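Remarks on the structure that follows.
This one's a predicted model, so the numbers in the text were calculated from it and none came from an experiment.
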Amino acid sequence: MSTLGTTLRHLLAALGGVLTRYWTVLALVLAWEFWVRVRNLNEIVVPAPRSVVTDIFHNPSAYTDALAQTLLNSVTGLGLGMALGVCCAVAVWFSRVLLGLLTPLMLIMRSVPVVAMIPVIAFVAGYGAAAVTTVTTLVSFFPTYVMVISGLRSAPAAMTDVFDVLGASRAIVLRRLLLPHAVPQLLVALRLTAPSAVLAAMLAEYLLGRKGLGTLFADATIFAAPQRAWGGALIATVVSVACFVAARGVERRYSVLFR
């Protein structure tokens with residue numbers, strides 16, 4: 001009985017913690033359900049949360065393949081974007097010429113909405129997984145570049161002076177001092193870009209892709225299946241939030257090792 005009571009208390013404590021943190025989400029879902037029922041809205045206009053969740057659980061195969069493709073596109077684009085951002089940040093730190101060449105181009109790319117670049121991306125990469133990965137890479141690149149270059153430039157002056165006195169080369173200073181100092185900033189970039197990568201992949205799939213949650217959403221809209229469309233959007237939102245929470249956990253665990 002004591003073991004059962006302890007387990008029950010733990011479950012109640014966990015449930016209380018979830019409700020304390022996410023009660024606003026629960027309130028929003030309940031308000032959504034209440035609004036649909038009171039207004040007696042047609043399912044074509046706005047489906048009730050219950051019907052959306054029912055469609056997800058009754059037709060899991062309709063979502064699993066699309067979710068797997070979106071996750072693949074997101075992880076691939078996120079990895080490529082962050083790797084490209086780190087490489088560009090290091091290159092700009094090494095060369096003032098590259099600083100003058102790359103920085104204006106990056107600012108222009110950042111200033112132009114991704115949706116406005118879709119025709120160019122479609123012309124260069126075509127339609128399909130390559131185009132989706134390109135969009136996700138572009139979304140993940142700029143925050144990583146900004147955070148890493150900030151980390152490289154904010155190393156303690158005292159430590160930099162020590163390396164200068166010891167006659168260390170720029171490569172050694174970069175490898176032994178600056179890159180470890182920039183790791184916390186890189187983890188911040190991961191936290192910022194991980195959820196955006198999922199939503200960017202879904203947007204790109206909606207406009208350019210042939211598979212994924214975005215394509216699922218587009219097909220459901222065309223064939224007047226609102227529960228399926230809202231279900232895809234709901235899954236994408238949940239996955240995006242989960243990616244943010246996971247990235248935040250990685251940041252909290254490993255950033256302290258480099259401070």
Side-chain angles (χ1 to χ4, degrees), residues 4-75 78 113-115 136 139 188 190-207 209 211-252:
L4 180 60
T6 302
T7 304
L8 183 60
R9 284 196 299 271
H10 288 166
L11 290 175
L12 291 176
L15 180 60
V18 171
L19 292 177
T20 301
R21 289 186 177 184
Y22 304 109
W23 67 270
T24 53
V25 177
L26 178 61
L28 180 62
V29 172
L30 292 177
W32 174 11
E33 180 80 28
F34 178 77
W35 182 61
V36 171
R37 298 303 176 187
V38 170
R39 297 291 300 273
N40 197 24
L41 297 175
N42 192 291
E43 291 284 334
I44 297 296
V45 180
V46 179
R50 183 171 58 184
S51 61
V52 173
V53 175
T54 300
D55 184 73
I56 293 175
F57 281 98
H58 285 182
N59 305 283
S61 59
Y63 296 93
T64 51
D65 292 341
L67 175 60
Q69 184 64 42
T70 298
L71 288 176
L72 177 62
N73 293 331
S74 303
V75 172
L78 178 64
V114 175
V115 176
T136 312
V139 170
V188 172
L190 174 63
R191 171 166 54 85
L192 295 175
T193 55
S196 301
V198 176
L199 299 181
M202 186 175 178
L203 172 63
E205 290 163 356
Y206 178 79
L207 298 173
K211 296 179 180 178
L213 290 175
T215 305
L216 174 72
F217 183 86
D219 293 342
T221 303
I222 293 173
F223 294 106
Q227 294 88 351
R228 189 65 47 84
W230 284 69
L234 177 62
I235 290 176
T237 302
V238 171
V239 171
S240 180
V241 173
C243 289
F244 174 82
V245 173
R248 184 179 60 181
V250 172
E251 178 192 1
R252 289 178 175 177

Considering all heavy atoms of both residues, which atom of [X] and which atom of [Y] are nearest to each other, and what is their separation?
X	Y	result
Leu216	Ala62	CD1-O, 3.8 Å
Ala220	Ala229	CB-N, 3.5 Å
Leu213	Met202	O-CE, 3.9 Å
Val139	Ser196	CG1-CB, 4.1 Å

Once rounded to the nearest 0.5 Å, what's the spacing between atom [atom1] of [X] and atom [atom2] of [Y]?
X	Y	atom1	atom2	result
Trp35	Leu28	CH2	CG	11.5 Å
Leu199	Cys243	CG	SG	9.0 Å
Leu203	Thr136	CG	OG1	9.0 Å

Name every donor-acceptor pair, under 3.5 Å, that has one atom in a side chain of residues 232-241 and the other anywhere in the protein, sequence neighbours excluded.
{"unit_1": "Thr237", "atom_1": "OG1", "unit_2": "Ala233", "atom_2": "O", "d": "2.9"}
{"unit_1": "Ser240", "atom_1": "OG", "unit_2": "Pro195", "atom_2": "O", "d": "3.1"}

Tell me the ring pair (Phe, Tyr, Trp, His ring centres under 6.0 Å) pairs involving residues 221-252, sequence neighbours left out?
Trp32-Trp230
So Arg228 and Asn59, side chain to side chain contact (heavy atoms under 4.5 Å, CB included) or not? Walk me through it.
CA-CA 9 Å; Arg228 189 65 47 84; Asn59 305 283; 3.7 Å; yes
Who pairs with Tyr206 by side chain to side chain donor-acceptor pair (under 3.5 Å), at least two apart in sequence or on another chain?
none
Side chain to side chain donor-acceptor pair (under 3.5 Å) partners for Thr70, two or more places apart
Glu205
Distance-only donor-acceptor check, side chains Gln69 and Asp65, under 3.5 Å
no
Results of side-chain contact (heavy atoms from CB on, under 4.5 Å) for Val75 - residues two or more places apart only:
none
Determine whether Leu78 and Leu190 satisfy the following criterion, side chain to side chain contact (heavy atoms under 4.5 Å, CB included), listing intermediate values before the conclusion.
CA-CA 8 Å; Leu78 178 64; Leu190 174 63; 4.0 Å; yes
For Arg50, what residues pass the salt bridge (charged side-chain N to carboxylate O under 4.0 Å, His left out) criterion, not counting sequence neighbours?
none
